[in-house]
Number of protein chains: 4
Amino acid sequence: MARAVDRDAKRLKILEASTRRFAQSGFDATSMDDLALAAGVSKGSLYDYFRNKEDLFYACFEWFEAQLLAASMARLAEQSDAKARLIGFADTSVQALQENIALYPVMLEVWAAAAKSGTRERFSQAMRTLYAQFRAQVSTLVRSAQASGDLKPDVDAEALAGMMIGAVDGLLLQYWLDPSFDPRAWVKSFMNSLFSGIGS
Amino acid sequence: MARAVDRDAKRLKILEASTRRFAQSGFDATSMDDLALAAGVSKGSLYDYFRNKEDLFYACFEWFEAQLLAASMARLAEQSDAKARLIGFADTSVQALQENIALYPVMLEVWAAAAKSGTRERFSQAMRTLYAQFRAQVSTLVRSAQASGDLKPDVDAEALAGMMIGAVDGLLLQYWLDPSFDPRAWVKSFMNSLFSGIGS
Amino acid sequence: MARAVDRDAKRLKILEASTRRFAQSGFDATSMDDLALAAGVSKGSLYDYFRNKEDLFYACFEWFEAQLLAASMARLAEQSDAKARLIGFADTSVQALQENIALYPVMLEVWAAAAKSGTRERFSQAMRTLYAQFRAQVSTLVRSAQASGDLKPDVDAEALAGMMIGAVDGLLLQYWLDPSFDPRAWVKSFMNSLFSGIGS
Amino acid sequence: MARAVDRDAKRLKILEASTRRFAQSGFDATSMDDLALAAGVSKGSLYDYFRNKEDLFYACFEWFEAQLLAASMARLAEQSDAKARLIGFADTSVQALQENIALYPVMLEVWAAAAKSGTRERFSQAMRTLYAQFRAQVSTLVRSAQASGDLKPDVDAEALAGMMIGAVDGLLLQYWLDPSFDPRAWVKSFMNSLFSGIGS
DNA sequence: CATGAATGAGATTTCATTCAT
DNA sequence: AATGAATGAAATCTCATTCAT
């Protein structure tokens with residue numbers, strides 16, 4: 001037997017360190033040397049666990065995304081009434097990202113990667129799928145709330161889902177740029193407005 | 001005089017071509033050679049008009065942003081009632097970007113640049129200012145509508161402005177990823193919901 | 001005892017697989033990983049049987065050469081007249097290599113290794129010895145044929161031996177490059193011409 | 001206008017230096033740094049003149065080959081009687097290579113490259129063409145000599161051409177390995193034997 | 001003014017070899 | 001005796017920037 005290693009543990013160590021470094025300096029400005037140093041492994045090991053730099057970055061994204069997703073989705077299933085579940089979803093999404101705000105730039109890098117010619121397909125596909133999943137979850141919730149009479153029947157569920165998710169996304173960007181305001185308060189206030197209407 | 005006009009025209013030619021190339025391949029994957037070729041000028045000329053690659057990119061962003069801004073803000077000042085002006089703002093913003101969707105990736109690159117350690121200060125500052133301007137415009141509009149009784153007085157104007165702008169931003173990202181849906185329809189539907197409330 | 005047999009068998013397994021891989025991709029483009037995989041042993045085992053990559057390659061060459069040599073020399077010793085033995089030597093040399101044409105590139109790699117600064121001494125020495133042996137064998141045969149009156153006495157035995165061996169060598173290279181022609185037919189035709197003269 | 005350079009002169013400077021280095025250390029053991037240093041240009045310039053290392057090596061081969069070819073072919077056309085022309089061809093080929101023996105290893109490297117998986121197609125094609133050209137020249141000469149009655153009519157012209165070329169090739173390899181003998185003397189002696197026959 | 005040849009630091013990636021298990 | 005994880009030196013190639021012409 002060769003050196004016995006917990007491959008999963010080592011992989012995770014690389015992933016955590018790399019995500020941190022990618023978030024700090026971006027994909028291109030972070031070298032494999034940086035990553036190896038930050039993870040406390042040799043450059044060669046990086047290639048033992050990930051085929052190349054892009055794959056490593058993609059894995060960082062997947063890892064980070066999985067954590068956020070789990071948190072965001074949790075509340076959707078947990079509460080009973082539709083209003084609470086929708087508000088809970090928005091609030092938890094914001095909260096989850098707020099707690100990991102230092103890693104948020106990874107998402108910005110992923111968006112950029114989805115635009116870059118070399119990496120377009122892979123990353124835009126991943127994002128497309130991610131948003132589609134979110135919209136499906138939220139719009140399903142909206143429709144069932146309409147069925148049970150909790151939400152107005154003439155509301156376009158797809159549009160509402162897309163806009164709600166977009167609002168949370170856009171809010172986080174603003175918060176990341178300027179952490180002086182309280183995004184969860186904004187979400188709560190906004191969701192209440194949305195339910196009762198802002199028109200007098 | 002004629003010289004100055006020539007310089008401006010050449011600068012604009014560089015700017016347009018560069019914005020297109022940056023949008024196609026991203027900042028790092030676009031070389032100065034690419035840009036010179038695309039603009040039909042020599043590499044040396046690029047440095048005649050812009051101090052370095054980052055400056056050129058920043059100028060592209062400023063140029064693109066100015067175009068969008070002009071379109072987006074236009075309706076805010078239009079003479080009409082608060083509801084129409086708010087909806088008009090959202091709609092025009094979406095429309096402006098939709099018409100220039102090929103250049104949208106430049107915004108994604110700017111967000112990424114705002115996160116990268118080397119370029120953070122400059123780009124995050126620019127974005128921060130941009131969003132603050134938008135929020136100020138919208139929240140002012142909201143408050144005056146509240147004063148005139150068109151909007152409920154207990155709505156948090158800052159939160160509403162931030163969330164509305166975020167929603168438009170987030171929607172565009174989704175649309176860029178998947179151009180199969182109609183973002184302006186979503187915006188209209190959503191804004192109506194927001195005014196009248198979605199709760200039954 | 002059994003152990004020793006095992007070791008020899010394993011060594012041979014490594015040698016066969018490595019020769020095949022070296023022939024396919026060349027010395028530099030074949031990694032120790034490739035070789036271990038192809039031989040069905042671990043990378044560590046390779047170093048158990050051979051000091052390093054160069055030693056392993058040299059052993060492959062020796063092994064391959066020994067096989068060819070045995071076949072080529074066989075006929076030289078056969079009981080028959082000088083003409084038949086010379087033709088037989090040329091024919092068998094060609095035949096032996098033709099049967100192992102897939103491994104022929106190993107010889108090309110050896111020639112290249114004999115030129116490279118790092119490996120020059122060892123490989124050029126080996127080739128020098130090999131050709132000297134061949135020439136000695138053939139020229140001895142020529143001289144004895146001259147003594148017995150089968151060959152003209154004024155022929156330079158060394159030159160004839162060198163050229164004959166060179167001709168076979170050069171022919172094989174051409175055949176390897178373009179397997180569409182019949183090298184044994186060429187050899188036979190040529191040897192006959194050589195004996196009876198091509199001048200009218 | 002940018003720096004005015006004689007591109008052809010610089011290209012040739014790179015070619016000469018590179019051929020020398022490739023001959024000394026082989027393709028793989030010669031780094032682009034080595035080549036730049038030897039040619040007295042920067043590494044970047046190498047890529048200005050040649051797309052990559054393989055292209056540079058191929059160009060070295062072409063350049064070296066062109067020189068040899070010119071010398072070898074010259075005599076084929078120059079002499080009047082067939083015997084003199086055939087002998088002259090063989091002699092000049094040997095002489096040309098003997099004068100450039102320090103660069104001869106480049107040919108060995110090319111043969112190896114023709115076997116290596118990555119570069120096989122390109123280099124084996126080049127060699128195949130080269131040998132086919134040589135054979136065509138020589139066999140044409142042989143056939144015309146047969147027509148004019150200078151050579152026996154029953155000699156297989158193709159086989160004779162292939163073997164003669166092979167003999168020169170193989171001789172040079174032996175000479176390169178062991179420069180203690182006189183290859184031109186061997187060629188002359190051998191060609192005479194070939195014309196008059198070695199059988200008594 | 002404009003050009004584009006030249007530079008060389010620095011990027012990603014490979015791989016022979018070692019050695020803990 | 002056998003394994004294969006780990007290492008890090010060294011390779012090829014790119015590209016922002018400069019500056020002679």
Side-chain angles (χ1 to χ4, degrees), chain A residues 1-7 10-11 27-37 40-57, chain B residues 3 6-7 10 27-37 40-57, chain C residues 3 6-7 10 27-37 40-57, chain D residues 1-7 10 27-37 40-56:
Chain A
M1 276 261 272
R3 234 158 295 196
V5 208
D6 186 339
R7 282 192 75 89
K10 187 166 180 183
R11 199 187 124 98
F27 179 79
D28 285 289
T30 304
S31 71
M32 293 302 269
D33 273 294
D34 287 342
L35 297 176
L37 191 69
V41 303
S42 79
K43 218 181 337 165
S45 281
L46 257 31
Y47 287 88
D48 237 21
Y49 286 79
F50 303 92
R51 212 153 47 86
N52 54 33
K53 192 184 179 185
E54 190 197 311
D55 270 24
L56 173 51
F57 177 60
Chain B
R3 290 283 110 164
D6 284 358
R7 266 196 82 83
K10 189 165 178 182
F27 179 79
D28 285 287
T30 304
S31 71
M32 294 299 271
D33 273 290
D34 285 343
L35 298 176
L37 189 72
V41 302
S42 78
K43 221 179 340 165
S45 285
L46 257 30
Y47 286 86
D48 215 27
Y49 288 78
F50 303 92
R51 209 156 46 89
N52 55 30
K53 194 183 177 186
E54 190 197 312
D55 271 24
L56 172 51
F57 177 61
Chain C
R3 291 281 109 167
D6 285 358
R7 266 195 83 83
K10 188 165 179 183
F27 179 79
D28 284 288
T30 304
S31 70
M32 294 299 270
D33 272 291
D34 285 343
L35 298 176
L37 189 71
V41 302
S42 79
K43 223 182 334 169
S45 285
L46 258 30
Y47 286 87
D48 215 26
Y49 287 79
F50 304 92
R51 209 155 48 88
N52 55 31
K53 193 184 179 185
E54 190 198 312
D55 271 24
L56 172 51
F57 177 60
Chain D
M1 274 261 272
R3 234 159 295 196
V5 208
D6 186 338
R7 282 193 73 89
K10 187 167 180 183
F27 179 79
D28 286 290
T30 304
S31 71
M32 294 300 272
D33 275 291
D34 287 342
L35 298 176
L37 191 70
V41 303
S42 77
K43 215 183 339 166
S45 282
L46 257 30
Y47 287 89
D48 237 21
Y49 286 79
F50 302 92
R51 212 154 46 87
N52 54 33
K53 193 185 178 185
E54 190 197 311
D55 271 24
L56 172 51

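Every chain is numbered from 1 and lettered A, B, ... according to where its sequence line falls, protein lines coming before strand lines. Keep in mind that what you see is a predicted model, and the values were worked out from it rather than measured.
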Point to revise | Shortest non-hydrogen separation from A:Ser42 to A:Ala36 and the atoms involved | key: C-CB, 3.8 Å
Exercise for review: Verify the contact: side-chain N or O of B:Lys10 to OP1 or OP2 of E:dC1, cut-off strictly under 4.0 Å; return yes or no.
Suggested key: no
Check your understanding: At under 4.0 Å between heavy atoms, what does D:Asn52 touch on the DNA or RNA strands: base, sugar-phosphate, or nothing?
Key -> sugar-phosphate
**Study point:** Contact summary for A:Asn52 and A:Asp55, nearest pair of heavy atoms
**Key:** OD1-N, 2.9 Å
**Study point:** Cation over ring face, C:Lys53 and C:Phe27, 6.0 Å, 45°
**Key:** yes
Check your understanding: What closest approach, in Å, do C:Lys10 and C:Val41 show between heavy atoms, and which atom pair accounts for it?
Key -> CE-CG1, 3.7 Å
Study note, to complete from the structure: Residues in residues 40-48 of chain D with a heavy atom under 4.0 Å of DNA chain F, by number, are D:Lys43, D:Tyr47
Review point. Starting at the 5' end of DNA chain F, which residue's closest nucleotide do you reach first, D:Arg51 or B:Arg51?
Key: D:Arg51
**Study point:** 5' precedence on DNA chain E between C:Thr30 and A:Ser31 (nearest-nucleotide basis)
**Key:** A:Ser31
Exercise for review: Quickly work out the D:Phe27 CZ to F:dA11 P distance and round it to whole Å.
Suggested key: 13 Å
Practice item. Mind checking side chain to side chain contact (heavy atoms under 4.5 Å, CB included) for C:Ser31 and listing every partner two or more places apart, or none if nothing turns up? Key: C:Asp33, C:Asp34
Practice item. Specify the separation, in whole Å, of atom CG of D:Asp34 and atom P of F:dA10. Key: 12 Å
Point to revise | Distance, nearest 0.5 Å, that separates CE of C:Met32 from CG of C:Leu37 | key: 13.5 Å
Review point. Roughly how far, to the nearest 0.5 Å, is the CZ atom of B:Arg7 from the CG atom of B:Asp48?
Key: 5.5 Å
Exercise for review: Pick base, sugar-phosphate or nothing for B:Phe50, based on heavy-atom distances below 4.0 Å to the nucleic acid.
Suggested key: nothing
Revision key, fill the gap. Between B:Asp33 and A:Met32, whichever has its closest DNA chain E nucleotide further toward 5' is B:Asp33
Point to revise | D:Leu35 CG - F:dC13 C1' separation (whole Å) | key: 14 Å
Review point. Under 4.0 Å: is that the gap between some side-chain N or O of D:Tyr49 and OP1 or OP2 of E:dA6?
Key: yes
Practice item. Would you mind reading off the distance between A:Asp28 atom CG and F:dT14 atom P, rounded to a whole angstrom? Key: 15 Å
Review point. How is the base pairing of DNA chain E summarised as a dot-bracket string, given the Watson-Crick and G-U wobble criteria with both distances under 3.5 Å, [ ] for crossing and | for another strand?
Key: .||||||||||||||||||||
Exercise for review: Choose from F:dT17, E:dT12, F:dA11 the nucleotide whose nearest atom is closest to any side-chain atom of D:Lys53.
Suggested key: F:dA11
Exercise for review: Please state how far atom CD in B:Glu54 lies from atom P in F:dC15, giving the value in whole angstrom units.
Suggested key: 18 Å
Practice item. Quick one: pull up CZ in D:Arg51 and CG in D:Leu56 and give me the separation to the nearest 0.5 Å. Key: 12.5 Å
